[in-house]
There are 2 protein chains.
Amino acid sequence: MKSLEKIRNAGLRPTKQRLVIADILLDGQNRHFTAEDLQDEISSSGNYMSIGTVYNCLKKFRECGLIKQVKYSKDTAVFDTNTNHHHHFLDEETGQLIDIDNNKVILKNIPEIPNGFINNGVEVIIKLKRNN
Amino acid sequence: MKSLEKIRNAGLRPTKQRLVIADILLDGQNRHFTAEDLQDEISSSGNYMSIGTVYNCLKKFRECGLIKQVKYSKDTAVFDTNTNHHHHFLDEETGQLIDIDNNKVILKNIPEIPNGFINNGVEVIIKLKRNN
DNA sequence: AAGTAGTTTAGAATGATTTTAAAGTAAATA
DNA sequence: TATTTACTTTAAAATCATTCTAAACTACTT
Ligand SMILES: [Mn+2]
Ligand SMILES: [Mn+2]
Ligand SMILES: [Zn+2]
Ligand SMILES: [Zn+2]
């Protein structure tokens, strides 16, 4: 599917900037990146985009489910092009994330959900340390 | 154990400010709080402390293992007085955390650790949504 | 008591993200 | 197609949590 269609299907206006970002991000690869990482890739691809627009686009993409955001990697916002329910290995030193397929992790016990709430998704983080 | 001992045992100098904080935090209750939350509690207890000092103390307490830090709750730093290995319920709307005992969660499968790394701890987050 | 290293503080600096408001563009309407 | 409307982009300023700076202070050592 073309970037134009993906953006239209998501209910967003296909601006030049959103198309540039969609071309970079929505290529089937699973990536974890910051706003600045993306701005650098945009530059490398021969385009220019203000950092404000990068943030605006990422917010819109997130809101309509084209990407996700990961909260535990770095102190800066990290986005994730893998929109499936999945888990992560996390190298706490560097913030590097590696995807874990949902079906690779099986929880035997899940504790009782507190009163007034419902389970809205389980996320497993396996923290990693370099071995030597 | 008295706050003075706890601080000494942790290898820190028992300053007036660290004692005030230890009195508030290390009372056996399990709390999740921000630097500003703590500064408010310090004020309520009739003491004054600059926000810089609150941050300095929390950093020292964290470094010597008297408290932990949770990375996925809010955008601001959240600290945790429960230093045992444990998991969390997370209300994503509010950032509220509820502790889950380590033994309440059993993982049946853990995927193979990537090459060059070792497992440095598994953390489970059960996201919650208000039910109605 | 004197010296040294560590700590507190107000205020400045930092840096990621958001806001502002003006100019530009996509979609809707005539 | 021309006009209108709503949304988007942008540079620059603002925000805000956190860290840094450097001077005054304090705990510990000798
Ligand atoms: Mn860069
Ligand atoms: Mn407050
Ligand atoms: Zn991922
Ligand atoms: Zn906790």
Side-chain angles (χ1 to χ4, degrees), chain A residues 2-24 32-43 45 47-64 66-80 95, chain B residues 2-24 32-43 45 47-64 66-80 95:
Chain A
K2 291 222 301 250
S3 291
L4 183 71
E5 289 180 74
K6 288 178 192 156
I7 290 173
R8 281 239 160 82
N9 290 348
L12 297 177
R13 283 193 185 179
T15 64
K16 177 169 172 295
Q17 290 80 0
R18 287 174 186 165
L19 286 166
V20 167
I21 290 180
D23 282 345
I24 291 172
H32 305 101
F33 61 96
T34 66
E36 210 198 329
D37 291 339
L38 176 57
Q39 197 186 32
D40 288 349
E41 281 200 75
I42 292 166
S43 295
S45 77
N47 293 285
Y48 169 81
M49 206 173 302
S50 77
I51 192 66
T53 301
V54 174
Y55 277 106
N56 286 343
C57 290
L58 288 172
K59 188 178 187 183
K60 285 288 185 185
F61 277 36
R62 170 163 50 74
E63 283 169 358
C64 68
L66 287 172
I67 62 176
K68 287 177 155 188
Q69 187 169 357
V70 179
K71 307 218 66 171
Y72 40 79
S73 171
K74 308 195 183 170
D75 288 332
T76 65
V78 170
F79 297 89
D80 191 341
Chain B
K2 292 222 297 248
S3 291
L4 183 70
E5 290 179 74
K6 288 176 191 158
I7 290 173
R8 279 237 161 82
N9 289 348
L12 297 177
R13 284 195 184 179
T15 65
K16 176 169 172 296
Q17 290 79 359
R18 287 174 184 167
L19 287 167
V20 167
I21 290 181
D23 282 344
I24 290 172
H32 305 100
F33 60 95
T34 66
E36 210 198 329
D37 291 338
L38 177 57
Q39 197 186 31
D40 287 349
E41 281 200 76
I42 292 166
S43 295
S45 77
N47 293 285
Y48 169 83
M49 205 173 301
S50 77
I51 192 66
T53 301
V54 175
Y55 277 105
N56 287 343
C57 290
L58 287 173
K59 187 178 187 180
K60 285 290 186 184
F61 278 36
R62 171 163 49 75
E63 282 169 0
C64 69
L66 287 173
I67 62 176
K68 286 178 158 187
Q69 187 169 359
V70 179
K71 307 218 66 174
Y72 41 81
S73 171
K74 308 195 182 170
D75 289 332
T76 65
V78 171
F79 298 89
D80 192 339

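A note on names: the letters A, B, ... follow the listed sequences, proteins ahead of strands, and every chain is numbered from 1.
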N/O to N/O distances under 3.5 Å, protein versus nucleotides 24-27 of chain C:
unit_1, atom_1, unit_2, atom_2, d
C/dA27, OP1, A/Arg8, NH2, 3.2
C/dA27, OP2, A/Arg8, NH2, 3.4

*Of all the nucleotides listed (C/dA10, C/dT8, D/dT10), which has the minimum atom distance to the side chain of B/Tyr48?*
C/dA10
*Over all heavy atoms of both residues, which pair between B/Cys57 and B/Ile21 is shortest? Give the atoms and the distance, please.*
CB-CD1, 3.5 Å
*What is the distance, rounded to the nearest whole Å, between atom NZ of A/Lys60 and atom C1' of D/dA6?*
12 Å
*B/Lys71 has an atom NZ; how far is it from atom P of D/dA17, in whole Å?*
17 Å
*asked:* Just the rounded figure in Å: distance from P of C/dA16 to CD of A/Gln39.
replied: 11 Å
N/O contacts under 3.5 Å, protein versus nucleotides 18-20 of chain C?
none

_Atom of B/Asp23, atom of B/Ser3 and distance for their closest heavy-atom approach_ = OD1-OG, 2.5 Å
*Would you please name every residue forming a side-chain contact (heavy atoms from CB on, under 4.5 Å) with B/Ser50, sequence neighbours left out?*
B/Tyr48, B/Thr53
*Verify the contact: side-chain N or O of B/Gln17 to OP1 or OP2 of D/dT26, cut-off strictly under 4.0 Å; return yes or no.*
no
*Can you tell me if A/Thr34 and A/Asp37 form a side-chain donor-acceptor pair at under 3.5 Å?*
yes
*Find the distance B/Ile21:CD1 to C/dT7:C1' and express it as a whole number of Å.*
12 Å
For residues 69-76 of chain A, dump all side-chain donor-acceptor pairs below 3.5 Å to protein atoms at least two apart in sequence or in another chain.
unit_1, atom_1, unit_2, atom_2, d
A/Gln69, OE1, A/Arg62, NE, 2.8
A/Lys71, NZ, B/Asp75, OD1, 3.3
A/Tyr72, OH, A/His88, ND1, 2.8
A/Tyr72, OH, A/Glu123, OE2, 2.9
A/Ser73, OG, A/Gly95, O, 2.7
A/Asp75, OD1, B/Lys71, NZ, 3.3

*Round to a whole Å and report the spacing from CD1 of B/Ile7 to C1' of D/dT26.*
15 Å
Atom pairs and distances, donor-acceptor, side-chain atoms in residues 5-17 of chain B, under 3.5 Å, two or more places apart:
unit_1, atom_1, unit_2, atom_2, d
B/Glu5, OE2, B/Lys2, N, 3.4
B/Lys6, NZ, B/Leu26, O, 2.7
B/Asn9, ND2, B/Glu5, O, 3.4
B/Thr15, OG1, B/Arg18, N, 3.2

*Could you state the CE-C1' distance from A/Met49 to D/dA11, rounded to the nearest angstrom?*
15 Å
_Which residues share a side chain to side chain donor-acceptor pair (under 3.5 Å) with A/Glu63, sequence neighbours left out_ = none
*asked:* Nearest to the side chain of B/Thr76, heavy atoms from C-beta on, is which of D/dT8, D/dA17, C/dA16?
replied: D/dA17
*Rounded to whole angstrom units, what separation is found between the NZ atom of A/Lys74 and the P atom of C/dG15?*
16 Å
_Of the listed nucleotides (D/dT8, C/dT8, C/dA10), which one gets closest to any side-chain atom of B/Ser50?_
C/dA10
*Spacing of B/Arg18 atom CZ relative to D/dC25 atom P, expressed in whole Å*: 19 Å
*When rounded to the nearest 0.5 angstrom, what is the spacing between CG in B/Asp40 and CZ in B/Phe33?*
12.5 Å
_If I compare all heavy atoms of A/Ile24 with all of A/Ser45, which pair ends up nearest, and what's the gap?_
CD1-OG, 4.2 Å
